[in-house]
Amino acid sequence: MTPAIDLLKKNRAEHHVLSYEHDPKAPSYGLEAAEKLNLDPARVFKTLLAASEKGELLVAVVPVVGSLDLKALAHAAGVKKADMADPNAAQRATGYLVGGISPLGQKKRLRTFIDESAQGFPTIHVSAGRRGLEVELSAETLAGLTSAKFAPIGRP
């Protein structure tokens, strides 16, 4: 099990874990998950970390079919600027490897923002904390467990 799954079980949160054989050569972990699990890519979300101008790490959960709008994330977080975080810093703060970072069960509690498009689906899929492992849950459940805010942070 992973810390993400442990957190879901501890909180008795409704969820469903899905796994697939991860291909280390896959160009996109999120799109690989959608393809191998036969999921709608619009409902599969990736977890990205950004850093504010003051070095605060921010978690952004956006659809795998789009990208993160760093200006929109900065605006949602109330900071001047956000850039993608250093992968090593992201791994240290979350306890997960890049490509398997889950918004759930991270080592440090970081401010989290979920693209508002997630609210348009009954459930979404996010990494369960390891490459090849996804968890299906409602966006509201994810927001509740991570104290996340919904914001327009993704772009097609």
Side-chain angles (χ1 to χ4, degrees), residues 1-51 56-70 73 82-148 150-151 153-156:
M1 287 299 116
T2 66
I5 295 169
D6 292 343
L7 177 70
L8 289 163
K9 286 182 176 180
K10 179 180 158 200
N11 285 279
R12 293 187 171 88
E14 192 173 323
H15 69 283
H16 183 66
V17 178
L18 304 161
S19 65
Y20 61 93
E21 191 64 39
H22 166 63
D23 177 1
K25 295 182 184 124
S28 165
Y29 300 118
L31 290 174
E32 176 194 26
E35 185 180 308
K36 289 200 172 173
L37 295 170
N38 198 27
L39 302 171
D40 174 359
R43 290 180 53 194
V44 179
F45 284 67
K46 56 190 169 187
T47 306
L48 302 172
L49 269 77
E56 176 192 8
L57 291 177
L58 305 167
V59 177
V61 182
V62 296
V64 300
V65 291
S67 60
L68 172 61
D69 183 334
L70 289 164
L73 176 63
D83 290 304
M84 293 306 296
D86 172 69
N88 291 325
Q91 291 181 159
R92 277 193 307 277
T94 63
Y96 295 117
L97 293 176
V98 169
I101 293 177
S102 176
L104 298 158
Q106 297 180 354
K107 279 189 351 188
K108 282 187 181 174
R109 177 68 78 130
L110 303 172
R111 286 201 296 154
T112 301
F113 300 87
I114 303 170
D115 185 62
E116 64 187 8
S117 67
Q119 293 175 294
F121 302 107
T123 60
I124 61 170
H125 298 85
V126 296
S127 173
R130 193 172 68 227
R131 296 171 189 159
L133 205 58
E134 292 285 307
V135 64
E136 179 181 9
L137 73 172
S138 73
E140 288 69 27
T141 296
L142 177 61
L145 291 172
T146 58
S147 302
F150 291 100
I153 60 170
R155 63 175 165 226

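The backbone N or O of N88 sits less than 3.5 Å from a side-chain atom of D86, completing a donor-acceptor pair. Looking at S102, its side chain does come within 3.5 Å of a backbone N or O of S127 through a donor-acceptor pair. Looking only at distances, no side-chain donor or acceptor of K108 sits under 3.5 Å from a matching main-chain atom of T94. In this structure, the side chain of T2 engages the main chain of A128 through a donor-acceptor pair within 3.5 Å. K107 contributes no side-chain N or O that, together with a main-chain N or O of Q91, makes up a donor-acceptor pair within less than 3.5 Å. Side chain of D115 to main chain of G154: a donor-acceptor pair is present (N/O by atom type, distance under 3.5 Å, no hydrogens or angles). For the pair D69 (side chain) and R155 (backbone), a donor-acceptor distance under 3.5 Å is absent.
When only modelled atom types and interatomic distance are considered, R109 and S147 share a side-chain donor-acceptor pair under 3.5 Å.
No more than 12 heavy-atom neighbours from other residues, nucleotides or ligands sit within 6.0 angstrom of CE on M1. Enclosure of atom CD in E35 is not indicated, since only 12 or fewer non-hydrogen atoms of other residues, nucleotides or ligands lie within 6.0 angstrom.
Interatomic distance, T47 OG1 to L68 CG, rounded to the nearest 0.5 Å: 11.5 Å. Residue T141 holds its OG1 atom at 8.5 Å from CG of L8, rounded to the nearest 0.5 Å. N11 CG to L145 CG: the interatomic distance, rounded to the nearest 0.5 Å, is 5.0 Å. Taking CG from L57 and OG1 from T112, the interatomic distance works out to 11.0 Å, rounded to the nearest 0.5 Å. Separation of atoms OG (S138) and CD (Q119) is listed at 10.5 Å; rounding is to 0.5 Å. Here the straight-line distance linking atom CD1 of I124 with atom CD of E134 works out to 10.0 Å at 0.5 Å rounding.
Ring geometry for H22 versus Y29: interplanar angle of 30 to 60°, hence tilted.
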Worked check of salt bridge (charged side-chain N to carboxylate O under 4.0 Å, His left out) between E32 and R131: CA-CA 10 Å; E32 176 194 26; R131 296 171 189 159; over 6 Å; no
Derivation of the side chain to side chain contact (heavy atoms under 4.5 Å, CB included) call for V135 and L18: CA-CA 6 Å; V135 64; L18 304 161; over 6 Å; no
Stepwise side chain to side chain contact (heavy atoms under 4.5 Å, CB included) check, H125 with F45: CA-CA 6 Å; H125 298 85; F45 284 67; over 6 Å; no
Test log, rule side chain to side chain contact (heavy atoms under 4.5 Å, CB included), inputs V17 and I5: CA-CA 8 Å; V17 178; I5 295 169; 4.0 Å; yes
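When all heavy atoms of P103 and L142 are compared, the closest pair comes out as CG-CD1, 3.7 Å.
A salt bridge links E56 to R111: one of the charged nitrogens lies within less than 4.0 Å of a carboxylate oxygen.
Residue T123 is tested with H15, E136, H16, E14 for a side chain to side chain donor-acceptor pair (under 3.5 Å); the sole match is E136.
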